[in-house]
2 protein chains.
Amino acid sequence: MDTVSKAITANTATANGGVRGGVRGGVRGGVRGGVNLPALRGHNDALVLHLLRGAGPSGLGRSELAERTGLTPQAVSKITARLRGEGLVAEAGRGASTGGKPRTLLRLVPEARCAVGAHIDRDELRVVRVDLAGRVTADWREPLDFGAGPGVVLDAVADAVVRAFAHPESGAGPSPVLGVGIAAPGPLDWRTGVLGRVTGFPEWEGFPLREELAGRLGVAVVLDKDTNAGVGAADGGGDFGASVYLHVGTGLGAGLRLNGEVYRGVRSAAGEFGHQVLMLDGPVCRCGGRGCVEVLCLDAVARGDLAEAARVLGEAAANLVALLDVDRVVLGGRVVEAAAGVFVEGVAGALAGRGAVATVALAGRGVAEGAAELVLGPFFGRPA
Amino acid sequence: MDTVSKAITANTATANGGVRGGVRGGVRGGVRGGVNLPALRGHNDALVLHLLRGAGPSGLGRSELAERTGLTPQAVSKITARLRGEGLVAEAGRGASTGGKPRTLLRLVPEARCAVGAHIDRDELRVVRVDLAGRVTADWREPLDFGAGPGVVLDAVADAVVRAFAHPESGAGPSPVLGVGIAAPGPLDWRTGVLGRVTGFPEWEGFPLREELAGRLGVAVVLDKDTNAGVGAADGGGDFGASVYLHVGTGLGAGLRLNGEVYRGVRSAAGEFGHQVLMLDGPVCRCGGRGCVEVLCLDAVARGDLAEAARVLGEAAANLVALLDVDRVVLGGRVVEAAAGVFVEGVAGALAGRGAVATVALAGRGVAEGAAELVLGPFFGRPA
DNA sequence: CTACTTTGGCAACAGCGTTGCTTAAGTGCA
DNA sequence: TGCACTTAAGCAACGCTGTTGCCAAAGTAG
């Protein structure tokens with residue numbers, strides 16, 4: 001097992017509440033553990049890779065890396081030499097001189113590794129293959145009947161992912177795969193990878209999707225709610241901001257990204273947005289409550305009053321922005337996509353003066369990209 | 001400057017967005033930086049101290065520390081030897097044998113250092129001195145007119161804190177002070193320590209409270225909103241839970257604790273709870289909005305309808321619990337304290353079946369204790 | 001052509017946790 | 001009482017990390 005496979009496997013194990021030590025990015029993360037030299041090295045390696053990823057193809061000089069990491073230039077030289085040896089980093093020409101020897105620029109080699117992301121939706125499967133820079137190098141799309149149950153769906157997903165494994169990178173052959181990220185309808189337990197009671201699909205309750213797929217595919221698999229993958233994709237680069245992804249489809253859901261990390265809550269249940277009460281003693285919702293955003297918003301959609309639906313969504317979003325001091329609100333889902341302008345305008349209106357901007361998610365494969373980011377994130381040192 | 005002063009000063013500097021490296025607990029934290037050997041050592045030291053703090057006076061064996069940190073027993077021996085040399089850790093007898101040599105227990109020495117916390121309320125000042133275990137070793141209370149402005153208030157706070165500095169620990173003399181934590185009415189910028197526009201007290205806007213106090217006192221000062229200090233105190237021990245502190249006083253505010261850490265948002269403005277809209281197009285609130293929790297709840301209180309106030313508060317709390325997947329809701333503030341039973345019952349009712357419990361905060365000095373915890377937290381490796 | 005500045009590698013070093021081994025201090029059984 | 005076994009914990013040597021001191025390389029500025 002090479003270093004990278006070990007890293008992602010161990011990281012996944014960490015996500016599972018287990019092992020630590022000796023992994024790239026092993027210092028930060030949920031488990032409050034001790035740090036030894038391999039963990040230290042993994043952290044610094046991942047940090048440098050992360051900075052180079054952010055710099056793009058033009059790259060960064062060693063001295064800039066030193067300044068931004070707080071390490072000495074000599075330490076950066078050693079770290080980058082290591083990473084060049086692994087093929088993850090390459091030289092990218094020289095920068096402009098600032099009065100002395102011009103710096104040698106370094107860049108991430110995006111083709112060195114790749115990740116696969118899959119979005120299991122209620123009626124469709126989307127799979128993407130992305131390189132280390134997060135760029136989509138191939139994508140697939142096919143109909144899927146989520147209600148057909150675990151057996152059928154698992155076959156379809158496994159087939160599509162294996163196809164993605166074999167897909168050649170631009171020019172050369174396929175890169176080593178870091179792992180597979182899966183986005184599925186919630187609720188589900190992110191730590192164990194077991195599905196919960198998905199509304200309308202009781203046959204999935206308790207199904208260990210992550211474990212089953214990992215067994216079939218033989219690589220690390222990370223499973224998360226589609227809304228969490230969505231918020232990860234919508235704002236992949238930001239280090240510390242807070243953003244919210246609001247999904248309006250058959251229901252309303254939210255993905256939260258706080259301090260630059262997806263927030264999942266103590267039971268993986270965070271982001272329950274649809275049943276926020278917005279009108280005390282209002283109309284009865286299918287959840288049994290009264291005056292939930294979902295019933296107010298979707299009823300308005302059903303009546304054809306999109307402006308009212310957007311206003312309701314905006315008010316709920318404003319609550320969320322005020323409570324969590326959020327930067328960005330990203331809207332997505334089929335209802336929004338069908339009338340993006342109306343919804344963005346309505347939400348932006350409610351958010352006026354609160355310091356947050358409303359945008360609309362790129363339709364289609366965004367959630368699948370976010371699923372791939374579930375794998376890339378830990379590789380670049382984000383807490384698993 | 002001794003190691004500890006250096007640690008807390010540097011940690012405070014980190015809170016301020018600046019320096020890193022060579023500090024206790026230097027590995028985790030907001031700034032995503034490189035890790036060198038001193039930072040690694042600081043992290044492991046802080047981690048061991050944290051575990052010993054949680055174990056209380058009975059202490060922990062070296063092998064348990066090894067297991068819980070993931071480090072080797074030998075590494076733990078070296079670390080604890082260092083900490084014993086600094087007087088922070090001491091032996092605490094022997095544990096029961098499990099078939100071999102019984103383990104030598106180690107415990108935190110709470111008197112080795114101390115911290116001071118101050119709660120600046122609108123009409124009262126409370127100051128506590130706490131030891132490393134978080135126990136209050138002395139507290140003071142005096143009337144304060146926050147509206148008298150920065151000059152008068154600063155004098156009063158500085159006097160009270162200096163008095164706390166000199167207070168002898170039980171038995172021996174005063175312990176070295178790690179720093180001072182200040183809780184003040186929000187809004188304020190936690191990173192810079194500058195106050196914002198506090199409702200009803202325009203003369204405080206833009207006042208650099210943290211800097212001014214640090215200059216006068218000559219020690220590290222951390223400033224945070226009273227609600228953030230409140231949530232820190234309410235659940236000081238928990239490592240990973242999520243809890244919310246809801247304060248009902250002249251207004252409604254919330255402190256959020258997510259993944260075991262106080263969440264402050266991108267502009268230090270998180271926890272804006274009072275103006276969550278709970279009744280679309282409801283009664284007009286002083287904030288200009290309509291149907292905010294604050295106007296609904298406080299109007300009910302004014303009418304003497306505490307049950308309705310509690311119900312409204314409960315519904316808003318339920319929104320928050322659902323959205324953030326929170327463990328615990330802690331209620332505080334004078335309105336709650338005046339009728340704790342009614343409010344706990346009302347909120348607990350709304351929370352039924354959501355997996356969160358409602359409790360009431362210890363009245364009085366709780367926020368000041370939380371302020372002291374702002375200083376202790378970084379010492380034990382919590383992100384500053 | 002001659003300073004001067006900046007970059008970045010080489011070599012020696014200090015300090016971290018780890019490994020291998022030894023000693024200490026108990027339990028359990030004959 | 002004696003012996004084997006188990007667990008705890010320290011000593012010494014070690015490997016590997018980033019750091020420091022030094023020097024060569026490669027530009028700019030006059």
Side-chain angles (χ1 to χ4, degrees), chain A residues 3 20-27 33-48 59-85 89-106, chain B residues 3 20-27 33-48 59-85 89-106:
Chain A
T3 310
R20 272 173 315 86
V23 306
R24 209 190 290 293
V27 166
V35 179
N36 53 19
L37 287 175
L40 176 146
R41 167 178 137 151
H43 173 88
N44 288 342
D45 285 0
L47 174 60
V48 167
L60 238 48
R62 287 175 177 80
S63 20
E64 290 165 84
L65 287 171
E67 194 187 356
R68 294 173 64 172
T69 55
L71 298 173
T72 60
Q74 183 59 22
V76 171
S77 278
K78 286 190 178 180
I79 291 166
T80 54
R82 225 157 44 207
L83 296 174
R84 285 202 304 161
V89 166
E91 296 199 345
R94 316 183 91 92
S97 166
T98 59
K101 176 176 174 178
R103 49 193 58 170
T104 310
L105 298 173
L106 298 166
Chain B
T3 310
R20 271 172 314 86
V23 307
R24 210 190 287 297
V27 167
V35 179
N36 52 19
L37 288 174
L40 176 146
R41 166 179 136 151
H43 173 89
N44 288 343
D45 285 0
L47 174 61
V48 167
L60 238 49
R62 287 176 178 77
S63 20
E64 290 165 83
L65 287 171
E67 194 186 356
R68 295 173 63 173
T69 56
L71 299 172
T72 60
Q74 184 60 24
V76 171
S77 278
K78 287 189 178 181
I79 291 166
T80 53
R82 221 156 47 205
L83 296 174
R84 286 201 304 160
V89 166
E91 296 199 344
R94 315 186 90 92
S97 168
T98 60
K101 174 178 173 178
R103 49 193 57 171
T104 310
L105 297 174
L106 298 166

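Every chain is numbered from 1, with letters handed out A, B, ... down the list of sequences.
Under 4.0 angstrom from either OP1 or OP2 of dA9(D) there lies at least one side-chain N or O belonging to R62(B). The shortest distance between the side-chain N/O atoms of S97(B) and the OP1/OP2 oxygens of dT7(D) is not below 4.0 Å. Look at R103(A) and you'll find a side-chain N or O under 4.0 angstrom from OP1 or OP2 of dT7(C). For the pair S63(B) and dA8(D), the criterion of a side-chain N or O lying under 4.0 Å from OP1 or OP2 is met. Distances shown here put every side-chain N or O of N44(B) at or beyond 4.0 Å from the OP1 or OP2 atom of dC16(C). Here T72(A) reaches the OP1 or OP2 of dT19(D): one of its side-chain N or O atoms lies under 4.0 Å away. Contact between the side-chain N/O atoms of T98(A) and the OP1/OP2 oxygens of dT6(C) is not found at any separation under 4.0 Å.
What separates CG of L65(A) from P of dG9(C) is a distance of 12 Å, to the nearest Å. Between the CG atom of L105(B) and the P atom of dT7(D) there is a distance of 17 Å, rounded to whole Å. Protein atom CD1 of I79(B) is 13 Å distant from nucleotide atom P of dG10(D), rounded to whole Å. Between D45(A) atom CG and dT17(D) atom P the separation is 9 Å, expressed in whole Å. The interatomic distance linking L71(B) (CG) with dA9(D) (C1') rounds to 16 Å, in whole Å. One atom, CZ of R41(B), and another, P of dT19(D), lie 15 Å apart when rounded to the nearest Å. Here dA26(D) presents its P atom at 12 Å from CD of E91(A), a figure rounded to the nearest Å.
The side chain of N36(A) lies closest to dG17(C) when the candidates are dA9(D), dG8(C), dG17(C). Nearest to the side chain of L40(A), among dG18(D), dG15(D), dG8(C), sits dG18(D). In this structure, the nucleotide among dG18(D), dT17(D), dT19(C) sitting nearest to the side chain of Q74(B) is dT19(C). When distances are taken from the side chain of K101(A) to each of dT19(C), dT7(C), dG15(C), the shortest belongs to dT7(C). Relative to the side chain of R94(A), the nucleotides dT19(C), dG27(D), dA24(C) differ in distance, and dG27(D) lies closest. In the set dT28(D), dT19(D), dT18(C), the nucleotide with an atom closest to the side chain of K78(A) is dT19(D).
Rounded to the nearest 0.5 Å, atoms NE2 (H43(B)) and OG1 (T69(B)) are 9.0 Å apart. Atoms CG and CG, from L105(B) and L65(B) in turn, are 10.0 Å apart once rounded to the nearest 0.5 Å.
Residue whose closest nucleotide on DNA chain D sits further toward the 5' end, between R82(A) and T104(B): T104(B). Map G99(A) and A75(B) each onto its nearest nucleotide of DNA chain C; the residue landing nearer the 5' end is G99(A).
Counting only heavy atoms from C-beta outward, the side chains of L60(B) and R68(B) approach each other to under 4.5 Å. Within the 4.5 Å cutoff, the side chain of D45(B) has heavy atoms near those of the I79(B) side chain. Under the 4.5 Å side-chain criterion, counting only non-hydrogen atoms from C-beta, E91(A) is in contact with L106(A). Here the side chains of L37(B) and L37(A) are in contact, with some heavy-atom distance below 4.5 Å.
Within the 4.0 angstrom heavy-atom criterion, only backbone atoms of the sugar-phosphate kind lie near P102(B); the bases stay farther away.
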